[in-house]
J.: 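Sharing a structure below in structure tokens format, with a few things to ask.
Because the structure is predicted, anything quoted here is derived from the model rather than measured. Sequence lines set the chain letters: A, B, ... in the order given, protein chains first and strands last, and positions in each chain run from 1.
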Amino acid sequence: MNILKKIQPLVGLASLIVLAVGLWYVYQAPADFQQGGAVRILYIHVPSAKMALASYIFLTVASVLYLWKRHEGADILAEAAASVGAAFTVVTLASGSIWGKPMWGTWWAWDARLTSMLVLLILYKGLMVLRHSLDDPVKGARATAILAIVGAVDLPIIHYSVVWWRTLHQPPSLAAGANADIHISGPLLPPLLILSAAFILMGLYMVTVKARQIEASRHLDALEAARLHHDD
Amino acid sequence: MLKAIYRIAWKDVAGDLRRRATLSSMLFFAISVLVVFQAAFEPDRKEAVRLLPGLLWATSLFTTLVGLGRVFQAEEEDGAFEGLLLASVPRGVIFFGKWMGNLLLTLLVEFLILPLTMVLFNVDGWAQIPTILGILAMGTLGLTGLGTLLAAMTRGARSRETLLALLLLPLTAPLLISGVQAVAATLTQEGEIGPWLKLLVIFDVVYLAMTPWAFTWLVEE
Amino acid sequence: MTDYTPYVAAVYGLALLVYGGYTLRWHASYKKLERQLASQSQESP
């Protein structure tokens with residue numbers, strides 16, 4: 001955990017710089033002839049969606065490490081990744097919905113990717129609730145780690161089932177609209193790439209901050225428990 | 001080993017049949033869900049055919065949740081869970097036993113409510129009943145497998161029933177989607193049933209292979 | 001052509017609110033907890 005404290009300011013500074021550069025590029029980027037200014041929404045939406053998934057991968061790796069090595073640090077990182085991932089998922093859903101209003105004409109469509117994201121958000125919430133509803137913190141950590149792995153196996157199945165379901169039912173016009181965001185190319189690409197890099201750094205920074213908060217609060221709880229025990 | 005699975009499952013099922021506790025509350029819960037659906041949608045005959053697959057799966061899912069809340073209840077009350085773990089059977093076997101017990105009860109309820117649903121909603125699908133029962137059974141295999149693991153996970157948790165629902169519903173989304181689509185295809189004789197059955201099998205195989213291991217990890221001290 | 005400015009502004013505002021808000025909140029929280037921790041470990045070494 002000490003290494004976190006050392007890299008934290010560095011990661012924070014780097015993410016701010018890259019974020020500023022990315023936003024400058026967004027400001028400079030030409031409007032897409034098809035999607036107009038709405039393409040600017042995708043510069044937030046697409047990196048957020050990637051980070052929502054990347055956080056889950058990070059969370060799974062940390063959970064496997066925790067079960068295997070039983071190192072508390074891995075569990076703290078897993079808990080931090082769940083909160084950070086949930087934040088990315090919320091922004092993905094909200095920005096997707098705001099993008100949908102002008103492009104599809106509705107705030108919400110049961111599009112395959114939006115649906116998978118919604119399931120992912122519920123899963124993140126479940127991980128957070130499960131940990132805190134078990135009285136024994138070690139049991140809570142184990143159960144959460146196992147649930148994370150079960151979820152990791154389930155996510156691809158969820159994704160494919162939703163894709164099959166939607167492609168069989170979707171009216172073609174909506175399906176075309178749903179795929180419109182794949183065509184990001186040419187001059188639209190640099191801001192997307194830079195903002196993606198910025199979001200990776202930002203996600204790392206958020207994990208370090210959240211991990212420090214979790215670590216400190218666990219220490220305090222342990223001190224509290226020790227004092228109660230001493231008083232008895 | 002098979003004998004041990006059978007013994008654990010049978011202890012739960014026979015005990016429950018004698019007391020009729022879980023089975024009857026599951027059954028009456030399922031019936032009340034059907035009544036609520038009828039009151040909420042008041043479908044005519046054509047709509048009923050369209051609604052029936054979703055209705056059947058939603059009812060099965062809610063009913064499973066009621067059953068799952070009680071899988072480890074008997075052991076919790078007399079503290080016998082730790083005793084069960086101390087017994088000289090592998091943990092995977094304990095898990096399969098618990099799973100089988102829950103599976104049998106859930107299947108029994110589903111088999112009872114399927115004809116009941118057809119009667120209550122005036123759907124003429126009697127010829128398709130064996131196929132629909134088969135689809136229900138395939139889905140229930142994975143549903144109760146994952147559910148039993150989650151029930152073990154939330155043992156002793158605060159506001160456990162809510163938590164169980166929160167965890168089970170997103171993870172079983174593929175089962176619900178493919179189960180509903182498969183029943184709909186059977187009932188209307190339109191559309192393909194193959195891909196959905198394949199998805200159900202994938203889900204079942206994955207969870208049949210994974211949950212006993214996960215359970216072993218979970219209860220390890 | 002539709003004016004997308006309000007939608008774009010909403011998304012950037014929301015991202016700022018969620019990412020910035022959570023980061024600042026966690027930041028403040030760990031500062032406070034680590035201060036408490038330091039003062040407590042001085043009390044009972």
J.: Side chains of B:E110 and B:T63: is there a donor and an acceptor less than 3.5 Å apart?
T.: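 Not at all, the side chains of B:E110 and B:T63 share no donor-acceptor pair under 3.5 Å.
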J.: Any salt bridge between A:E79 and A:K210, counting N to O under 4.0 Å?
T.: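 Salt bridge flag = no for A:K210 with A:E79.
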J.: Taking the side chain as C-beta and beyond, is there a heavy-atom pair between B:W57 and B:I135 under 4.5 Å?
T.: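 Yes; the side chains approach each other to less than 4.5 Å.
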J.: Does the distance from a Lys or Arg side-chain N to an Asp or Glu carboxylate O, for A:D75 and A:R70, drop under 4.0 Å?
T.: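 Looking at A:D75 and A:R70, the cut-off is not met.
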J.: Who wins among A:L121, A:V162, A:L147 for the most heavy-atom pairs under 4.5 Å with chain B?
T.: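 Maximum pair count with chain B is reached by A:L147.
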J.: Could you look at A:H159 and say if it's the side chain, the backbone, both or neither that has a heavy atom under 4.5 Å from chain B?
T.: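 Interface part for A:H159: neither.
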J.: Can you tell which part of A:V150 gets under 4.5 Å to a heavy atom of chain B, answering side chain, backbone, both or neither?
T.: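 When you check distances to chain B, atoms from both the backbone and side chain of A:V150 fall under 4.5 Å.
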J.: What option among B:L171, B:L199, B:T172 has the most heavy-atom pairs under 4.5 Å with chain A?
T.: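 So the answer, after comparing B:L171, B:L199, B:T172, is B:L171.
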J.: Identify which of A:S133, A:G140, A:S161 forms the greatest number of heavy-atom pairs closer than 4.5 Å to chain B.
T.: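 Highest number of pairs under 4.5 Å: A:S133.
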J.: At a heavy-atom separation under 4.5 Å, does B:L149 approach chain A through its side chain, its backbone, both, or neither?
T.: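 Just the side chain, heavy atoms under 4.5 Å.
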J.: Is chain A contacted by the side chain of B:M153, its backbone, both, or neither, given a heavy-atom distance below 4.5 Å?
T.: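 Answer is both: backbone and side chain atoms of B:M153 are under 4.5 Å from chain A.
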J.: Do A:L127 and A:Y56 have side chains that get closer than 4.5 Å, going by heavy atoms?
T.: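 Yes; the side chains approach each other to less than 4.5 Å.
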J.: What part of B:I177 gets within 4.5 angstrom of chain A, counting heavy atoms only: side chain, backbone, both, or neither?
T.: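 Just the side chain, heavy atoms under 4.5 Å.
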J.: Could you pull out the closest heavy-atom pair between B:L55 and B:F37, with the gap in Å?
T.: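 Nearest pair, atom of B:L55 first, then B:F37: CD1-CG, 3.0 Å.
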J.: Whether the side chain of A:S97 engages the backbone of A:L93 through a donor-acceptor N/O pair (distance < 3.5 Å, no angle test) should be reported.
T.: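 No, the answer is negative, given that no donor and acceptor are paired below the 3.5 Å cut-off.
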J.: Measure B:L169 against the heavy atoms of chain A and call it side chain, backbone, both or neither at under 4.5 Å.
T.: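 Neither part.
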